[in-house]
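Data block below; observations after.
A note on names: the letters A, B, ... follow the listed sequences, proteins ahead of strands, and every chain is numbered from 1.
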Protein chains: 2
Amino acid sequence: MTAKRARPGPRSARQRERLIAAGYRAMVRSGLEGARTRDIAGEAGITVATLHYYFPTKDDLVRAVLEHTIQEQMLAPLRLDADWDDGLAALETMITGLARHADAEPGHYRLLNEMTWAAREDATLRAMLAVWHEGWHGAIGDWLRAAQRDGRVRSDLDTGAVATMIIYLVLGMVTRPPLPAGAEDRLSEELHRLLAAFEPKD
Amino acid sequence: MTAKRARPGPRSARQRERLIAAGYRAMVRSGLEGARTRDIAGEAGITVATLHYYFPTKDDLVRAVLEHTIQEQMLAPLRLDADWDDGLAALETMITGLARHADAEPGHYRLLNEMTWAAREDATLRAMLAVWHEGWHGAIGDWLRAAQRDGRVRSDLDTGAVATMIIYLVLGMVTRPPLPAGAEDRLSEELHRLLAAFEPKD
DNA sequence: CACGTTTTCTATCACTTGATAGAAAAGTAG
DNA sequence: CTACTTTTCTATCAAGTGATAGAAAACGTG
């Protein structure tokens, strides 16, 4: 017996990509549930019916968009490849870069956020996110250990635990909560002070 | 000319509260948009029509629920009053308490999260959140300064900037992202190490 | 009880939204 | 051109969903 699968035609890969791109934009604009299939189709230059020819249900499209988001849109802002030689600089680049990006593209981080909540009830999504977080956690740990070897970060720190703290810090930061003015100004500087290998003169 | 306002009857304050409580539960369960007015009314033991007698639009109800959430449900888990004498202990109590609470009641923090995003386009909501964040930020700063006076926290730290970091850290933590197993185990311990007044023997 | 007010319900609307059926159009091969 | 496949469109459905009108019930007061 044939599985209750979608019709098997090869489809146009180009149209698929166009729909995923339009879906990403719509979800960044209106959120995961707020994005309307009609808008997405319209933005891709087709009708809803044709959208459903490529993605039988909205959930299929959402899945494809989130997968695309993780693989294409999420790694870039992290700058995991930046300045590998200088771990502290890489850390700073990542944090300030993300803060700026979160101001410019808040919808992107709202999408990441909705994804995290959705992952609680979706094993596939959770697995994808876990892989991504693992890579991120590992990269930050590597940066910290490199800086420890250079004597620029306290050698007694548990780099894994600190990496976790930094990830939490960044995840909270990109939600851009309404903190008192200037609360973020000395953040990066202060993080460096906390991690620094030697006590300042005081 | 009379303003286009709802009918002026006094209403029952008890029913209002019952609706807000039911709304809070429904939104914790299904999210801000996912909560259905029919479900909320049913949970309060009335029909949708009666709900609209108390809250002309769903948005009015949402507003009331969020206001209630900030004032009643949000301050409690922070334990801002805990162990005021010992700032570091208060900090630890807050962080571990929030981690546990976030595991037990994730929906509460999803609601807080949706609120933060909604506040971007709603000045009233943003103002309410800002007041709450300001109090939180101030309390953490007070704890840190108290611990500095006791000589248990490095005196060279900018307590405001560190308070911001801790708030970001907590906001990220309560989203419970799928980090590698055990990533959070030594978090609190490591935070203490970072803040500690003296370098360990190494 | 009688009368006015407040509260609640039944029934229904108006509209959105994801989804589908079936025809038409576009592409492909001989 | 013809026959077949792939893609797209028009038109429409079915299930919600917030909201309302208007009658009925409950309440309060003398």
Practice prompt. Compute whether any side-chain donor of one residue and acceptor of the other, for B/Gln148 and B/Ser155, lie under 3.5 angstrom apart.
Written response: no
Worksheet item: Rounded to the nearest Å, what distance is computed from the CG atom of residue A/Leu61 to the C1' atom of nucleotide C/dG18?
Response: 12 Å
Worksheet item: Could you state the CZ-P distance from B/Phe55 to D/dA19, rounded to the nearest angstrom?
Response: 13 Å
Worksheet entry | Distance in angstrom units between A/Arg14 CZ and D/dT8 C1', rounded | 17 Å
What nitrogen or oxygen pairs link the protein and nucleotides 9-12 of chain D at under 3.5 Å?
residue: D/dC9; atom: OP2; partner: A/Thr47; partner atom: N; Å: 3.1
residue: D/dC9; atom: OP2; partner: A/Thr47; partner atom: OG1; Å: 3.3
residue: D/dC9; atom: OP2; partner: A/Thr50; partner atom: OG1; Å: 2.9

Item to complete: Measure the distance from CD1 on B/Ile40 to C1' on D/dG18 and round it to the nearest whole Å.
Response: 11 Å
Practice prompt. Take the protein atom CG of B/Leu51 and the nucleotide atom P of D/dT20, then report the distance between them rounded to whole Å.
Written response: 12 Å
Distance-only check: which donor-acceptor pairs under 3.5 Å involve side-chain atoms of residues 125-133 of chain A, not counting sequence neighbours?
residue: A/Arg126; atom: NH1; partner: A/Ala119; partner atom: O; Å: 2.8
residue: A/Arg126; atom: NH1; partner: A/Arg120; partner atom: O; Å: 3.3
residue: A/His133; atom: ND1; partner: A/Leu129; partner atom: O; Å: 3.1

Practice prompt. Under the side-chain contact (heavy atoms from CB on, under 4.5 Å) rule, collect the residues that match up with B/Asp39, sequence neighbours excluded.
Written response: B/Arg36
Worksheet item: Near DNA chain D, which residues from residues 17-36 of chain B have a heavy atom under 4.0 Å away?
Response: B/Ala35, B/Arg36
Fill in: Listed partners of B/Val62 passing side-chain contact (heavy atoms from CB on, under 4.5 Å), at least two apart
B/Met27, B/Leu32, B/Lys58, B/Leu66
Worksheet item: Whole-Å distance between C/dA26 P and A/Tyr53 OH?
Response: 16 Å
Worksheet item: B/Gln15 side chain N/O closer than 4.0 Å to the phosphate oxygens (OP1, OP2) of C/dT6?
Response: no
Practice prompt. Consider only side-chain N and O atoms of A/Glu184 and B/Tyr168, and report whether a donor and an acceptor are under 3.5 Å apart.
Written response: yes
Practice prompt. May I ask you to say what B/Tyr54 touches in the nucleic acid, namely base, sugar-phosphate or nothing, with a heavy-atom cut-off under 4.0 Å?
Written response: sugar-phosphate
Worksheet item: Taking the inter-plane angle between the rings of B/His108 and B/Tyr24 on a 0 to 90° scale, is it parallel (under 30°), tilted (30 to 60°) or perpendicular (over 60°)?
Response: perpendicular
Worksheet item: So does B/Arg152 pair up with B/Asp86, basic N to acidic O under 4.0 Å?
Response: yes
Discussion item. I'd like to know if B/Arg145 and B/Asp142 make a salt bridge, using a cut-off of under 4.0 Å between side-chain N and carboxylate O.
Written reply: yes
Discussion item. Rounding to an integer number of Å, can you tell me how far A/Asp39 CG sits from C/dT16 C1'?
Written reply: 11 Å
Worksheet, complete the sentence: From NE2 of A/His52 across to C1' of C/dA19 the rounded distance in Å is 5 Å
Practice prompt. Could you tell me which residues satisfy side-chain contact (heavy atoms from CB on, under 4.5 Å) with A/Ala102, sequence neighbours excluded, listed by chain and number?
Written response: A/Tyr109, A/Val174, A/Arg176
